[in-house]
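In what follows, chains are A, B, ... by sequence order, proteins preceding strands, each numbered from 1.
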Amino acid sequence: MSAELFLFWLMGAVTVASAVMVISAKNPVHSVLFLILCFFNAAGLFVLIGAEFLAMVLVVVYVGAVAVLFMFVVMMLDINFVRLREGFIEYLPVGALVGLVLLAELVLVAGTWAMREPTTPAAPALAEAVDNTRALGRLLYTEHFLVFQIAGLVLLVAIVGAIALTLRERVGVKRQDVARQVHRRPSETLVLERVEPGKGV
Amino acid sequence: MPASLHLDLVPLLPELVLTVAALLLLVLGAARERVRAAGIVAPLTVLALLVAAALAGVLDRTPQTLLGGHFRFDAMAAFLKVLVFLGVAASLLLGSSYVEDERIDRFELPLLALFSALGMGLMVSAESLLGLYMALELQSLPLYVMAAFQRDQLRSTEAGLKYFVLGALASGMLLYGCSLIYGFTGTLSFTTLAQSFGPGSPAGVPTGAVVGLVFVIAGLAFKLAAVPFHMWTPDVYEGAPTSVTAFLAAAPKVAAVGLTLRLLMGPMADWVGQWQQVVALVALASMVLGALAGLVQTNIKRLMAYSGIANVGFALVGVAAGTREGVEAALVYVAIYLAMTLGAFGCILAMRRQGTYVERIDELAGLSTRQPLLAAALAIFMFSLAGIPPLAGFFGKYFVFFAAVKAGLVWLAIAGVLASVVAAYYYLRIVKLAYFDPPAEPFEPPSGPGLRLVTGLAAILVAGFVVLPGPLFDAAAGAAASLGPPAPTAPVR
């Protein structure tokens with residue numbers, strides 16, 4: 001058994017097992033943690049098939065942002081997960097049916113893929129050996145440079161819009177003013193008093 | 001390195017000016033106090049838009065495709081950019097006193113309008129499906145935020161949310177259509193599409209790509225507020241702050257018609273048999289519904305929404321013709337529509353009574369005795385929207401119907417004339433209320449030099465068009481001619 005194959009089976013098994021735990025864990029925080037484990041192992045599988053860019057995106061976007069967001073939602077919203085689980089048996093037949101349909105479709109796709117007639121590959125192979133991060137970067141920063149920049153502007157608009165719609169100026173709220181704190185002098189706030197013994201201020 | 005990357009950025013100058021201005025003003029606005037920031041950012045935004053419009057007007061109009069084939073500058077792009085940037089600047093001037101009265105004069109509002117204008121400029125220059133989609137998003141995202149800008153009012157937030165959700169749906173349809181076209185043709189570039197499926201090409205039009213095209217038209221029809229994708233329009237127009245409604249009704253429509261023309265009459269010009277019926281049907285439905293539903297409105301902003309739907313229908317009649325005359329007529333129509341709409345909203349924004357803005361139509365009674373100049377301007381715009389002869393609106397309609405008849409769509413032209421007769425009722429009712437009904441309580445005098453300037457200028461343009469129609473027709477003819485088969489350049493893969 002080659003190292004690659006061993007890694008595939010290991011990470012595949014952990015992916016599936018953690019995915020099962022995501023839906024079966026009692027504690028929602030544990031579910032999110034298992035989801036993160038699942039993402040990491042899926043990223044490892046992507047590296048194995050040579051899609052290292054997808055692996056990085058999966059870790060950065062899904063683990064770094066989406067899963068953390070889930071965690072916030074789970075911890076901040078008081079959702080009663082026990083009540084959400086009620087009626088699990090009731091809905092089991094429908095769920096099993098959907099699962100079976102999906103399984104059948106997957107088998108069909110895999111079957112046609114295995115039995116397809118040899119044709120020319122859908123995407124022509126790159127002439128030189130470049131890894132796909134480099135290839136994507138080249139496209140983004142050359143041919144699609146304009147579109148890439150517009151995407152940046154769209155994100156900027158999203159930030160400006162979100163702030164414009166949610167930022168409220170409240171009156172009567174004490175705020176930290178760093179400049180004022182730094183410029184504070186002892187003479188403005190401290191008064192040295194000579195206190196007679198036994199008398200107090 | 002692909003050879004297509006040549007950094008000749010001169011045709012991109014108007015957009016570069018707007019981008020740099022937007023980024024600088026963002027920093028400026030964030031660094032200043034709330035109230036003072038708006039007072040500085042708004043005039044500078046208008047200035048940047050005027051500079052960009054002037055640049056777009058004077059740049060060399062030889063068709064050029066640049067930046068990997070996503071961007072094309074030609075006479076059509078120049079014509080539409082001048083219109084769009086001027087339209088955005090004018091609507092900002094119109095709204096300047098309204099935003100102060102309604103206490104929404106925060107610097108983000110003109111800034112978002114600036115970003116939207118940038119998106120519109122890129123829209124009318126789009127030369128690939130990717131460029132089209134990204135520009136459209138950059139244009140619409142600020143609009144959603146602007147519609148919800150009066151966030152303490154339920155109507156405004158409802159308008160913003162409704163617009164956002166339905167806009168996302170439309171974007172999804174558009175993107176799905178784009179993916180189908182890409183999947184069945186293997187290219188994103190309009191240039192390659194035109195070369196591969198133009199006249200004399202061995203390959204017919206793939207069926208899947210036609211399905212994709214229909215989805216793209218549906219997405220564009222939403223952005224245009226054309227029937228059957230118009231449902232959001234009245235609610236958004238009514239709920240959004242009036243200054244934002246004036247913005248929504250003017251320049252984005254021009255940009256969307258420009259984009260539709262660029263897509264359908266550029267790479268898809270030879271597929272005219274595939275899309276003509278769809279566009280003609282959308283145009284017919286828009287004209288009829290806009291005319292009929294407008295009859296029962298009591299709120300003048302809702303009325304303007306249905307008027308906008310009908311007007312888009314008239315512009316689409318020119319598109320549906322599928323000929324160069326049709327393109328020319330549609331371009332003339334949107335230019336005239338821009339002036340009429342801005343002027344009409346100028347009148348709406350000028351009508352204040354005891355500090356609140358009048359929105360009900362029957363409150364206009366007796367406007368002529370109190371504000372004779374304003375009433376005269378309102379009458380000019382309403383007569384023009386109704387299409388009464390010596391005014392500009394008549395010529396706009398005349399040329400789109402003429403183009404449709406020449407292209408063999410006689411039934412569409414007849415339906416359009418009937419629809420405009422029906423619509424004339426509600427435009428003329430406003431004039432009748434303003435001139436012949438007993439006056440109600442007095443109006444406050446219109447405030448703001450910007451509002452008076454834009455409304456007066458629009459009134460002069462609409463009324464004086466008949467004296468000097470030449471420049472607009474020449475510019476539109478030049479723009480329509482530049483939509484021919486594009487010069488072969490290095491395409492997007």
Quiz item: With no hydrogens and no angle check, is any side-chain donor or acceptor of B/S171 less than 3.5 Å from a backbone partner on B/G167?
Solution: yes
Exercise. Measure distances from B/T19 to the heavy atoms of chain A and classify the residue's part below 4.5 Å as side chain, backbone, both or neither.
Key: side chain
Exercise. May I ask you to decide if A/V109's main-chain N or O and A/T112's side chain share a donor-acceptor pair within less than 3.5 Å?
Key: yes
Exercise. Step through the shown structure and confirm whether more than 12 heavy atoms of other residues, nucleotides or ligands are within 6.0 Å of CD on A/Q181.
Key: yes
Exercise. Measure the acute angle between the ring planes of A/H144 and B/H70, then classify it against the limits of 30° and 60° as parallel, tilted or perpendicular.
Key: tilted
Exercise. Give, as side chain, backbone, both or neither, the part of A/L167 having an atom under 4.5 angstrom from any heavy atom of chain B.
Key: backbone
Quiz prompt | Residue from B/F149, B/Y163, B/F115 passing ring pair (Phe, Tyr, Trp, His ring centres under 6.0 Å) with B/Y144 | solution = B/Y163
Exercise. Name the region of A/A158, side chain, backbone, both or neither, that has any atom closer than 4.5 Å to a heavy atom of chain B.
Key: both
Self-check item: Part of B/L109 lying under 4.5 Å from any heavy atom of chain A
Solution: neither
Exercise. Answer with side chain, backbone, both or neither: which region of B/L138 has an atom nearer than 4.5 Å to a non-hydrogen atom of chain A?
Key: both
Quiz prompt | Partner chain A: residue of B/P142, B/A22, B/G160 with the largest heavy-atom pair count (under 4.5 Å) | solution = B/P142
